[in-house]
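Take a look at the structure set out below.
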Amino acid sequence: MTQLYDLHCHSTASDGALSPTELVHRAHQQGVTYLSLTDHDTTAGLIEARLCADAIGINFIAGIELSTNWQNQCFHIVGLGINPNYPPLAEATHNLQSMRLARAEQMALKLEKKHIPGAFDAVKKAAGEGMITRTHFADFLLSQNHVSTQQEAFDRYLAKGKPAYVSTPWADLKLAVSWITEAGGIAVLAHPLRYKLTANWMKRLLNEFKLAGGQSIEVVTSRMNSDEIRLAADYAIRFELTGSVGSDFHNASNPYVELGRLAPLPDNIKPVWELLG
Ligand code: AMP
Ligand code: MN
Ligand code: MN
Ligand code: MN
């Protein structure tokens with residue numbers, strides 16, 4: 001039987017719209033046979049997701065997507081096959097939750113200065129027990145008709161350099177990679193083409209990432225065209241990294257992003273799942 005992998009997606013534990021249970025059911029309906037839940041900076045959804053995956057017979061890989069900092073830019077590192085109870089990782093996610101709460105408060109103050117009150121209460125309520133993200137702010141701005149799309153919320157308020165942006169001292173990339181590897185996981189550079197790095201900066205990043213213990217790069221993600229897949233695959237080969245595949249699914253309202261709806265990993269790329277126990 002051919003397997004269908006999706007090793008990057010989000011639930012209500014961070015900025016996804018579906019609960020871990022709903023997400024696993026949807027993945028199953030889409031034919032996914034190996035799923036990893038990789039919420040932003042939290043492992044809170046993993047227990048529920050695994051219970052559901054075991055019940056319906058889909059292979060589940062414990063994951064996370066850590067926000068990290070390198071050269072003053074934020075890079076997302078996915079961890080696959082982690083032990084969420086590894087104390088330094090558990091402590092890190094705990095600290096990241098406080099950091100995200102403090103950032104949200106500062107962002108809300110900045111919006112108030114732009115005559116948009118009420119953001120803090122709204123995003124706290126929307127996130128519930130989960131991580132507060134800029135997606136929650138985008139949804140708030142949308143609900144209050146300050147913008148007409150999520151993208152517009154980022155373009156006008158939330159992106160770097162915009163009025164509500166707050167720079168956040170995420171963990172150093174090398175430290176974050178060490179949390180993942182010491183927790184028994186494989187560190188994967190998420191959506192490598194989204195950082196808009198030149199080839200030279202990409203080389204510096206991947207050298208550092210490898211030195212820190214990184215072993216994989218996302219070669220196939222949603223909405224990548226064949227040229228982009230080829231470029232990411234070239235990086236995997238040049239830097240001797242395995243290739244990962246993940247939709248980065250957040251909600252069902254984006255018709256271009258669906259669980260498991262991914263181009264196949266090119267034949268010449270060693271799949272990351274060969275490293276997963
Ligand atoms: P945060 O980690 O809180 O800074 O939030 C980052 C999340 O916001 C990302 O994971 C995306 O889900 C979302 N995001 C970032 N940039 C955009 C954008 N331009 N349009 C829509 N969503 C975005
Ligand atoms: Mn997100
Ligand atoms: Mn990401
Ligand atoms: Mn993601």
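Along the sequence shown, residues are numbered consecutively beginning with 1. In each ligand, atom 1 is the first atom listed, and ligand 1 is the first ligand listed.
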- Could you tell me if any non-hydrogen atom of Arg100 lies under 4.0 Å from any atom of ligand 1? yes

Mind checking whether [X] and [Y] have parallel, tilted or perpendicular rings, split at 30° and 60°?
{"X": "His8", "Y": "His191", "value": "tilted"}
{"X": "Tyr195", "Y": "Phe75", "value": "tilted"}
{"X": "His146", "Y": "Phe140", "value": "tilted"}

- Task: Identify which of Arg103, Arg134, Gln151 has a heavy atom lying nearest to atom 20 (N) of ligand 1.
- Result: Gln151

- Query: Counting heavy atoms only, which of Phe154, Trp170, Phe137 is nearest atom 14 (N) of ligand 1?
  - Reply: Phe154

- Sequence neighbours left out, what passes side-chain contact (heavy atoms from CB on, under 4.5 Å) with Asp227? Give chain and number order. Asn225, Arg230

N, O or S of [X] under 2.8 Å from the Mn ion (ligand 3):
{"X": "His40", "answer": "no"}
{"X": "His76", "answer": "yes"}
{"X": "Glu65", "answer": "yes"}

- Could you tell me which atoms of ligand 1, counted from 1 in the order shown, lie closer than 4.0 angstrom to a heavy atom of Asp15? 7 (C), 10 (O), 12 (O)

- Item | Atoms of ligand 1, numbered as shown, that sit under 4.0 Å from any heavy atom of Thr135 | 7 (C), 8 (O), 12 (O), 13 (C)

- Distance-only N or O hit between ligand 1 and His76, under 3.5 Å: no

- Task: Indicate, as side chain, backbone, both or neither, the part of Asp155 found under 4.0 angstrom from ligand 1 when only non-hydrogen atoms are considered.
- Result: neither

- Item | Ion pair check, Glu258 and Arg26, cut-off under 4.0 Å | yes

- Would you call Asp248-Arg194 a salt bridge at under 4.0 Å N-O? yes

- Item | N, O or S from His10 under 2.8 Å to the Mn ion (ligand 2) | no

- Query: Tell me, do Arg204 and Gln71 make a side-chain contact under 4.5 Å, heavy atoms counted?
  - Reply: yes

- Query: Is it the case that Asn200 and Thr198 place a side-chain donor and acceptor less than 3.5 Å from each other?
  - Reply: no

- N, O or S atom within Asp15 nearest to the Mn ion (ligand 2), by name: OD2

